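Comments concern the structure below.
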There are 2 protein chains.
Amino acid sequence: MKTVVKKSRKQQIEEKATTLFQTRGYAATSMRNLAQDLGIEAASLYSHIKSKEEILQRICFRMAEEFYSAWQEVDQETGGNAAKMEKAMIAHIKVITKDTNASAVFFNEWRHLSEPFLSEFLAMRDDYEGRFKKILKDGMATGEFKLVDDKFMMLTILSSLNWTHNWYKPDGSLSPEEVGKRLSGLLLNGLNNN
Amino acid sequence: MKTVVKKSRKQQIEEKATTLFQTRGYAATSMRNLAQDLGIEAASLYSHIKSKEEILQRICFRMAEEFYSAWQEVDQETGGNAAKMEKAMIAHIKVITKDTNASAVFFNEWRHLSEPFLSEFLAMRDDYEGRFKKILKDGMATGEFKLVDDKFMMLTILSSLNWTHNWYKPDGSLSPEEVGKRLSGLLLNGLNNN
DNA sequence: ATCTCTTGCTAACGAACGTTAGTATGTTTA
DNA sequence: TAAACATACTAACGTTCGTTAGCAAGAGAT
């Protein structure tokens, strides 16, 4: 026996929109496209949502929240900075892989947010990136890490992590943890066989 | 004395469009936006170009050509696969940093190409990615590289490289070569201090 | 002097856009 | 049973979109 949890219409709209925004992009997705995919008229959407941009806002800020709450796991790590970095990378990957469509929208479509949401979004991103930089700086101070430009390094790490939404398949052989471990192993120890 | 090379109007249009496509996205950039930035009327654009999409096509395929011709340098490398990989990464970074705006369009807006251009574009991308995978496979066969999933590794490398267009500033302190060397050093040897 | 090329204009086209108003119907709650 | 809510409709709004037609003026080439 399985219990069917009924999704609210608003949630259904958000999910279809996420898929559409991911494949066609926010600006190239029309409300009529979205309505058609749901089998209703475009005007009917407005019984459930306030505007097209509201959908984008909800997607972007929900993802931001998920990245933030996943970080709690990282703060509990008491080992060294290498261990902490690995935890951070795995936590980050877990969030991305849980919903690759929403992640794609989060990473690619945020620029279509209007003010003040855009500024708020960018401030959160800066803060989040700062957390990675802090681990790097701490690890360099203790000698765990090589001395590199922390911003450069942070961008390299995050770009590798953030790209996973483009190729990760939930039905594939790799679990999110496994992907995170491999990525951290790679970035921390390199490809060369020493 | 300096010689002023007069740019054709078509070229000027392409350059302004590149900047606009990069900041607002292709779909969210209107021909009236573009015309206004050039100080003319939207209809006047059509004395020089056939369509909005033609501009996107020219940007995308010009960049593709540049990535391909930069690869010649890589094929001349006679050292090991680690050296070859470094050459490939530097060549790739050089192309990106030469025009970060066009690179951004190339990486983010190609999906708005219509057929048959979209298929042609994707085929080229597959081929290009295959070249990186080949170096990885060869290097793993000779024992230079650790045994990893070559596709996974290729995606990680290219995502790190391709993100540079987002932060590289030509007037900064790092030359393209320097960026490429640091990135390859990082990915080949890792961050850990051994 | 004529022709062609470049460059730009005004006016307008049909289509698509996001959104609102007003209404109807069935379902849940009080 | 009545009120409230959820859901969807038709019709239409004002705006913007990419693009075309037709015309005009200046520059360079023959």
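Residue numbering restarts at 1 for every chain, and letters A, B, ... go by the order of the sequence lines. Scope of the values below: all heavy atoms of this structure, side chains included, with no hydrogens, waters or symmetry mates. Predicted model only: the values in this text are computed from it and were never measured.
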Ile40(B) CD1 to dG8(C) P, straight-line distance once rounded to whole Å
5 Å
Across all chains, not counting sequence neighbours, the side-chain hydrogen bond (donor to acceptor under 3.5 Å, both in side chains) partners of Asn33(A) are Arg24(A), Ser30(A)
Please, which pairs that meet ring pair (Phe, Tyr, Trp, His ring centres under 6.0 Å) have at least one residue in residues 27-53 of chain B, sequence neighbours excluded?
none
Between Glu41(B) (CD) and dA24(D) (P), how many Å, whole number?
18 Å
Across all chains, not counting sequence neighbours, the side-chain hydrogen bond (donor to acceptor under 3.5 Å, both in side chains) partners of Asn162(B) are His92(B)
Spatial distance of atom CE (Met140(B)) from atom CG (Leu136(B)) [nearest 0.5 Å]
5.5 Å
What residue pairs, at least two apart or across chains, pass salt bridge (Lys or Arg N to Asp or Glu O under 4.0 Å) with a residue in residues 98-107 of chain A?
Glu66(A)-Lys98(A)
For residues 42-55 of chain A, which residues have at least one heavy atom under 4.0 Å from DNA chain D?
Ala43(A), Ser44(A), Ser47(A), His48(A)
Report the residues that fulfil side-chain hydrogen bond (donor to acceptor under 3.5 Å, both in side chains) with Gln22(B), sequence neighbours left out, ordered by chain and then residue number.
none
For DNA chain C, the residues among residues 17-36 of chain A that have a non-hydrogen atom under 4.0 Å from it
Thr29(A), Ser30(A), Met31(A), Arg32(A)
Using the side chain to side chain contact (heavy atoms under 4.5 Å, CB included) criterion, which residues pair with Leu113(B)? Sequence neighbours excluded.
Glu53(B), Leu56(B), Gln57(B), Cys60(B), Phe61(B), Trp110(B), Phe117(B), Leu118(B), Phe121(B)
Mind checking side-chain hydrogen bond (donor to acceptor under 3.5 Å, both in side chains) for Lys87(B) and listing every partner two or more places apart, or none if nothing turns up?
Glu77(B)
Atom CZ of Arg9(A) and atom C1' of dT7(D) are separated, to the nearest Å, by 8 Å
Whole Å only: how far is the NZ atom of Lys10(A) from the C1' atom of dA6(D)?
13 Å
